[in-house]
Engineer: 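Here it is, the structure in full.
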Amino acid sequence: MDQEEEVRRAQEGDEEAFIHLVKRLELQMYNVAKSIVKKDEDCADAMQETVLKAYKAISTLHSPYFFKTWLFRILINECNLILRKRAQNITMAELPQRQMVSTEVEAIDLREAVYRLEEVSRTIIILHYFQDLPLQQIADIMELSESAVKTRLHRARKTLYGWLADPAERKVNA
């Protein structure tokens, strides 16, 4: 049975069809969630909330063809919600100690730099480079035009380059 028929059955209340749809995408969902929220327990929370919301709202999905895009959009929203809650819940004990400002740019790794990007750019970078999704699919998931995704991707790469480039090398090339 093809995915569209299975989605139609799920929309009509067939729980087994819904479970089969989600099981087929479970590993991809986990990989996307893990690349956004990092922690396994947050991945589990995001996936659980996604499945619950999708199950409750599957009847509102207009085109069964876009089930995967729709499901991943819910997942990304849940992951971003978890990140926002996590950022709000920093306790005083977790606040970083104020350090002396140095003239040298501190070295940061790529993943850390990606997580410093604003939410939309971070999500686009993760989906494109860490999950290997094509730009058109990212545009569908993010509900943006493909050109907007390309623009944000370009700006994010430029920002990352600025953060990660070796300052001494930039002086030589200038």
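All values below come from the heavy atoms of this structure, side chains included, with hydrogens, waters and symmetry mates left out. By convention here, the first residue in the shown sequence is residue 1.
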Engineer: Which atom pair, heavy atoms only, marks the closest approach of L71 to A54?
Structural biologist: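 Of all heavy-atom pairs spanning L71 and A54, the closest is CD1-CB, 3.6 Å.
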Engineer: Quick one: pull up CD1 in I74 and SG in C79 and give me the separation to the nearest 0.5 Å.
Structural biologist: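 I74 atom CD1 to C79 atom SG measures 12.0 Å (nearest 0.5 Å).
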Engineer: Can you list, by chain and residue number, the hydrophobic cluster partners of Y65 when the side-chain cut-off is 4.5 Å?
Structural biologist: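 Result for Y65 is F66.
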Engineer: Stepwise, does the salt bridge (Lys or Arg N to Asp or Glu O under 4.0 Å) test hold for R24 with E6?
Structural biologist: CA-CA 12 Å; R24 198 175 327 150; E6 213 157 27; 2.2 Å; yes
Engineer: Hydrophobic cluster membership, with links at side-chain heavy-atom distances under 4.5 Å among I/L/V/M/F/W/Y: are L52 and V37 in one?
Structural biologist: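 Not linked; separate clusters.
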Engineer: How would you list all residue pairs meeting ring-ring contact (aromatic ring centres under 6.0 Å, His included) that involve residues 26-61, not counting sequence neighbours?
Structural biologist: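 Residue pairs passing ring-ring contact (aromatic ring centres under 6.0 Å, His included), neighbours aside: F18-Y55.
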Engineer: Using the salt bridge (charged side-chain N to carboxylate O under 4.0 Å, His left out) criterion, which residues pair with D42? Sequence neighbours excluded.
Structural biologist: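 Here the qualifying residues are R86.
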Engineer: Within this structure, what is the NZ-CG distance for the pair K150 and L144, rounded to the nearest 0.5 Å?
Structural biologist: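 With rounding to 0.5 Å, NZ (K150) is 13.5 Å from CG (L144).
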Engineer: Could you tell me the separation between the CG atom of L153 and the CG atom of L127, rounded to the nearest 0.5 Å?
Structural biologist: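 Atom-to-atom, L153:CG and L127:CG are 10.5 Å apart.
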Engineer: Tell me the ring-ring contact (aromatic ring centres under 6.0 Å, His included) pairs involving residues 139-160, sequence neighbours left out?
Structural biologist: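 Every pair satisfying ring-ring contact (aromatic ring centres under 6.0 Å, His included) with a residue in residues 139-160: there are none.
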Engineer: Suppose the criterion is salt bridge (charged side-chain N to carboxylate O under 4.0 Å, His left out): which pairs have a residue in residues 154-164, not counting sequence neighbours?
Structural biologist: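 Found none.
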Engineer: For the CD atom on E41, are there more than 12 heavy atoms of other groups (residues, nucleotides or ligands in this structure) within a distance under 6.0 Å?
Structural biologist: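 Above 12, so yes.
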Engineer: What side-chain donor-acceptor pairs closer than 3.5 Å can you find for residues 117-126, not counting sequence neighbours?
Structural biologist:
from: E118; atom 1: OE1; to: V120; atom 2: N; distance (Å): 3.3
from: E118; atom 1: OE2; to: S121; atom 2: N; distance (Å): 3.2
from: E118; atom 1: OE2; to: S121; atom 2: OG; distance (Å): 2.7
from: E118; atom 1: OE2; to: R152; atom 2: NH1; distance (Å): 2.9
from: E119; atom 1: OE1; to: R84; atom 2: NH1; distance (Å): 2.7
from: E119; atom 1: OE2; to: N80; atom 2: ND2; distance (Å): 3.4
from: E119; atom 1: OE2; to: R84; atom 2: NH1; distance (Å): 3.1
from: R122; atom 1: NH1; to: L117; atom 2: O; distance (Å): 3.2
from: T123; atom 1: OG1; to: E119; atom 2: O; distance (Å): 2.9

Engineer: Which residues pass the salt bridge (charged side-chain N to carboxylate O under 4.0 Å, His left out) test with K68, not counting sequence neighbours?
Structural biologist: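 Per chain and number, K68 pairs via salt bridge (charged side-chain N to carboxylate O under 4.0 Å, His left out) with no residue.
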Engineer: With sequence neighbours left out, what residues match K53 under salt bridge (charged side-chain N to carboxylate O under 4.0 Å, His left out)?
Structural biologist: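 Result, salt bridge (charged side-chain N to carboxylate O under 4.0 Å, His left out) vs K53: E78.
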Engineer: Once you round to the nearest 0.5 Å, how far does CG of L25 lie from CD of Q28?
Structural biologist: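 CD of Q28 is found 5.5 Å from CG of L25.
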Engineer: Using the test salt bridge (charged side-chain N to carboxylate O under 4.0 Å, His left out), find all partners of R8 that sit at least two apart in sequence or belong to another chain.
Structural biologist: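 By the salt bridge (charged side-chain N to carboxylate O under 4.0 Å, His left out) rule, R8 matches E4.
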Engineer: Which heavy atom of W70 sits nearest to which heavy atom of I58, and what is that distance?
Structural biologist: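 Heavy-atom minimum between the residues: CH2-CA, 3.7 Å.
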Engineer: First locate atom CD1 of I36, then atom CD of Q131, and finally report the distance between them rounded to the nearest 0.5 Å.
Structural biologist: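 Spacing of CD1 (I36) from CD (Q131) equals 8.0 Å.
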Engineer: If I compare all heavy atoms of M47 with all of A33, which pair ends up nearest, and what's the gap?
Structural biologist: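 The answer is CG-CB, 4.5 Å.
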Engineer: Quick one: list whatever passes side chain to side chain donor-acceptor pair (under 3.5 Å) with S147, sequence neighbours left out.
Structural biologist: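 Checked S147 against side chain to side chain donor-acceptor pair (under 3.5 Å); matches are S145.
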Engineer: Restricting to side chain to side chain donor-acceptor pair (under 3.5 Å), what partner residues turn up for D140, sequence neighbours left out?
Structural biologist: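 Residues passing side chain to side chain donor-acceptor pair (under 3.5 Å) with D140: Q136.
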Engineer: To the nearest 0.5 Å, what is the distance between CG (D40) and NZ (K34)?
Structural biologist: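 So the CG of D40 and the NZ of K34 are separated by 3.5 Å.
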Engineer: Please determine whether side chain to side chain contact (heavy atoms under 4.5 Å, CB included) holds for the pair M29 and V51, giving the CA-CA distance in whole Å, both sets of side-chain angles, and the decisive distance to 0.1 Å.
Structural biologist: CA-CA 10 Å; M29 289 174 63; V51 170; 4.3 Å; yes
Engineer: Using the side-chain contact (heavy atoms from CB on, under 4.5 Å) criterion, which residues pair with K23? Sequence neighbours excluded.
Structural biologist: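 Listed in chain order: I19, E26.
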